[in-house]
Asks: 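Sharing a structure, written as structure tokens. Questions coming.
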Amino acid sequence: MTTEIPKSYEPQSIESHWISFWESHGYYNADPSETKPPHVIMIPLPNVTGALHMGHALNGTLQDLITRWRRMQGYSALWMPGTDHAGIATQSMVEKRMLEEEGLTRHDVGREALIQRIWKWKDHYEARILGQLKRLGASCDWRRTRFTLDEVCSQAVRRTFFKMFRDGLIYRGQRLVNWDAFLQTAVADDEVYTEDIDGQFWTFNYPVVDDQGEPTGQRISFSTTRPETMLGDTALCVHPTDERYMALVGKNVRLPLVGRLVPIIADGLLADKELGTGCVKVTPAHDPNDYACGLRNKLPMINILRPDGTINEEGGEFAGLDRLEARKAVVAKMESLGFFEKVEDRKIPMKFSDRSKTPVEPLMSDQWFVKMDDLAQKAIDAVTDGRVKFFPERYQSSYLDWLGEKRDWCISRQLWWGHRIPVWTIHVYPTKTTSPEEISVSDNRQAVAIEGIKQYLQAAGCSTSDVCFEVINEDSFRCCAATKESIEALAALQVYFDSFEWQKVTLGSPITTALNAVPKYEHLTDIAKSTRIDSIKQDPDVLDTWFSSALWPHATLGWPNETSNPPLNGQPDPSGNGKNTVLPYFYPGSVLITSRDIITLWVARMVLAGLYNLNDIPFKHVHIHPKIQDGFGQGMSKTKGNGVDPLELVDRYGCDGTRFTIASFAGETQDVRLPVSYECPHCQNLIPQEQKHLKFSPGKPKIKCPKCKKESQYACPWYTPDEGELVAGIVIERFEFGRNFCNKLWNAARFAMLNLEGYTPAAVAKSELAIEDQWIVSRLATVTNEVTSLLGVYKFDAATRALRDFVWNEFCDWYLELIKSRLRDETTKPVAQRVLVHVLDQILRLLHPFTPFITEELWHRLAEIAPSRGLPEPQPAEAACIIAAWPKVNEADISPPLEQRFTRLQETIGAIRNIRATYGISPGQSIAVHLKCSAEAAADFEALRIQIQNLAKAEIAATGPEVQRPPASASFALVGAEGFVPLEGLIDKAAELAKQTKEAEKLRGFIASTEKKLGNASFVDKAPAEVVAEVRQTLANQKSQLASIEEIIRQLQ
RNA sequence: GGGCGGUUAGCUCAGUUGGUUAGAGCGUCACGCUUACACCGUGAAUGUCGGGGGUUCGAGUCCCUCACCGCCCA
């Protein structure tokens, strides 16, 4: 006999059990198969910056849902897990903590030590993130877990960079970046925030000069909020239609402070006639709008800042001043020269670095770029020709618009945490120090040096095809390396020349040194010495994080390694027998599931990288799911303080309840709102979250319960609550939706199992099925079809609704209620049990992807009682729900006429219940019902006599076409059936009359509008025939209902 | 400034290609501890579908416009 079944579903006690069960049985694993088709989802790799939040929970739930569904459908379903190193985000977290706790900067500890500290951080958070995912039930193939800086991913990064470098797609160029002068690094656009600050708005003028550069006496006025940037001005700009300045366009002005002549240009995109004087100064190297104007008008770009924020030599006498001191000095000098006009206070928007909270300076700097022209076009084509499809479709325009700009991709970052750029700049041995006997080769110093490096690499055991060279000028060239070995060898060479250079400086003359700092390469000292180079330096920058994540879909499958499968659990996987069989089997992937904010940053780049490296798309579908907001319509994020830890919800509502709720709001909608409350730990009262709870305030703020007036600390990202302190936890009432559903399912299954005593599996013929059996089987088939097709187009919300409605409103509310009497009768019990077990089995399968834990638990409990089950022939059930086959529909089970007959029964029962409630008839008191209906309907009613007794607490007194209304009856009129309930002594004639009169009025209203419609000639002419016929039928139904009611009224009077 | 999305019951949201009387969950009200389930059951109330205009026999649904909210790009 089965173990006892608790009265309510208790998720906590079973979740961890099934996680280890699934994992230990290897059900999550996906390997190449000759019999199964592949299904692949690559996880949008979470950053190792911190813990998971609601967005991850949503994202992960949907991926798991699809993965479990496809696994049940018979696919070898791979969900590839992993994490992202997240360049600046992670580095700055570690730096910040180091500064706070130890007072150290990255320059104090040095590059290697900092990187080691970040690895420790990464290990900690990676473990935490993967643990969180596992608790959400994520059925990833954990053996294949990757990290963007691990060896498997690194080899793909090296190979891609090298290919691009060799193909001439990578170049060095200048670009305006957001420079954080405090941290001395560029920060990305999404790491910058804008705030309005109190600033000033100065007006100056510049003297106009003639062709000879002599002042014409004219002055031209302009305004600025950053006067110091006039040191880098390269134009003045007016609007092309501005009459005031038309005559001046094309003339020059002389900058009073640096003496440079700059042109007056017309550019309608920069100058605004209405703003200030209508004229603006243009500093392309220090302002994004000016930069764009500079590009359009081919203006020189003059950088006036050093990395530390002081003015450089371009600033002349102002060189060396900090930019804010320089501002004062510039204003003073302009004033003394008579070019100052006025100044006013004004709120001005200022950009701040999110990392240092200091203002960022737009700054021109040298960066590495990838040429996007051809790469972007191929990625555009992949979407426009339908190889990659977006769900919902509208998001494809973000992708196409962004790629269409084909802006080159800046891939360098001034960081230490990341894939270091594998490029060395090499200076050849200078001509002037070349000894006489070497003059013969000096004409071709580049070729000699390149040859020298090749020989060195060969001696180090590297292939010369693993490096390529690019000439910079006659004294220098670059070398890009493709493999770990060649990178290591070049690094050793750099160590050698660095020490050599150091000795040159300190000892005054070059002496022989050895590669003894890198013992592995010591024997190459002589050949290193003879390379005829003067210095070799690796680029200090690392690659943009998105460069490595762009390769994620193929890097994780082992590309470019063709001779072995990627490792499993860090160990070699020999199953490929000398080939990489994983990559061709699992690439391209099936679907990418992510949120819209990284369509450009990530999705587009994966497509172009996949096409570039493998000449094939990385995935066929891209599903963009909603973003989660708090109750105020704000996106949830750690920085806003409104983030919610999904595991808190899992603890409160159960994992399945949480997942089911999440799935219920994941449709084509753009945003999802989750109003949050705190639960008072003293009295359990709910306190709605207010904006003030989210604002950062120092210390440990408390929340006061309006009901019990007690205070408590509350869950908030700004602080960790004190040990032992009572904390007001997070409550999101919407999640009760899923929790309640799980409990309902649990109890439905509990009921079924309590009523399966004596169950015997056997074939069931269609003729043995009662009307409710046929109905539930028909509905089950319909719902199975619906869910299957909805999941195929990622409409998780609709699929969830379809399943909930079926399980709760049809299976529980009607089917279970209807079979209760049959289950108590030994003769009718066997068939009812067989149908019940079948439907429950199918429900568990359909729900498993949504609610894996409860369905697995029930599956095993059901297996104890009914290991063999199913219609029409029983089959042995699979060993676990996770590997059970997804239900297949027998279309013959679906019968719309039968469903219609059943609807009439439901409506009749509803109408009787309504009468009971209207007259306040106590549940214990039975009533009689006379049903006037067709003979066919009468048969249905008679067949369900006992059930109607149970469901409506009503005795059928008479059925059939001849039934007459008994006196003193409450009545109802449905389409196809009229009912009368004699209520002698109970009925209030006046009330009943009023009720029926109201009903009649309503019907007359409907009839009037229906008749009006049919009376409209153009409706009858123009509307489709079936619509007209439908309306006629409606009118007929309304009229017959009205006739019944009028008869009832007549009898009442 | 350009683009995308939203505005439907007190709250959170559905509403397929335009087609009878606009739905659900939560909340509210009334009744009910009926041996699966009070995380429940039965019944009820609740809407100028953001405003205005248009197309159409017919508009929550299509078009234009205005307002507000959110996001992306510049």
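Residue numbers start from 1 in every chain, and the chains themselves are labelled A, B, ... in the order their sequence lines are given, proteins ahead of strands. Keep in mind that this is a model prediction, so the values were computed, not measured.
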Asks: B/rC39, B/rA74, B/rG70: which one has an atom nearest the side-chain heavy atoms of A/R407?
Replies: B/rA74

Asks: Using the C1' atom as the reference point in each nucleotide, state the distance between B/rU7 and B/rG52 in Å, no decimals.
Replies: 15 Å

Asks: Measuring from the side chain of A/F751 (C-beta onward, heavy atoms only), which nucleotide among B/rA36, B/rU12, B/rG70 has the closest atom?
Replies: B/rA36

Asks: Let me have RNA chain B in dot-bracket notation, would you? Count Watson-Crick plus G-U wobble pairs, both distances under 3.5 Å, and use [ ] for pairs crossing earlier ones and | for inter-strand partners.
Replies: (((((((..((((.....[...)))).(((((.......))))).....(((((..]....)))))))))))).

Asks: Look at the side chain of A/R673 and decide which nucleotide, out of B/rA14, B/rG70, B/rC13, has an atom nearest to it.
Replies: B/rC13

Asks: So does A/N914 get a side-chain nitrogen or oxygen closer than 4.0 Å to the phosphate oxygens (OP1/OP2) of B/rA44?
Replies: yes

Asks: If the C1' atom of B/rA22 is compared with that of B/rC49, how far apart are they to the nearest Å?
Replies: 8 Å

Asks: Looking only at side-chain atoms of A/E817, point me to the closest of B/rG25, B/rC37, B/rC39.
Replies: B/rC37

Asks: Side chain of A/R750 only, please: which of B/rC13, B/rG25, B/rA36 is the nearest?
Replies: B/rA36

Asks: Are OP1 or OP2 of B/rU16 and a side-chain N or O of A/K795 less than 4.0 angstrom apart?
Replies: no

Asks: Is any side-chain N of the basic residue among A/R652 and A/E648 closer than 4.0 Å to the acidic one's carboxylate O?
Replies: no

Asks: Whole angstroms only, please: what is the CD-P distance between A/E736 and B/rG27?
Replies: 7 Å

Asks: Pick the P atom in B/rC33 and in B/rG50, then give their distance to the nearest Å.
Replies: 43 Å

Asks: Can you tell me if A/S397 touches the phosphate of B/rG3, counting only side-chain N or O atoms and a distance under 4.0 Å to OP1 or OP2?
Replies: no

Asks: B/rC40 phosphate, OP1 or OP2: any side-chain N/O from A/N740 under 4.0 angstrom?
Replies: yes

Asks: Once you apply a heavy-atom cut-off of 4.0 Å, does A/E786 come out as touching a base, just sugar-phosphate, or nothing?
Replies: nothing

Asks: Test A/C812 against A/K744 for side-chain contact (heavy atoms from CB on, under 4.5 Å), laying out the working first.
Replies: CA-CA 8 Å; A/C812 292; A/K744 189 71 181 176; 3.7 Å; yes

Asks: Measuring only the P atom in each nucleotide, how far is B/rG58 from B/rG53? A whole number of Å is fine.
Replies: 16 Å

Asks: Taking only N and O in the side chain of A/K744, is any of them less than 4.0 Å away from OP1 or OP2 of B/rG41?
Replies: yes

Asks: Mind checking the C1' distance from B/rC13 to B/rA74? Whole angstroms is fine.
Replies: 33 Å

Asks: Taking the six-membered ring for Trp, are A/F660 and A/F741 ring centroids under 6.0 Å apart?
Replies: yes

Asks: Would you say a side-chain N or O of A/W808 is under 4.0 Å from OP1 or OP2 of B/rG41?
Replies: yes

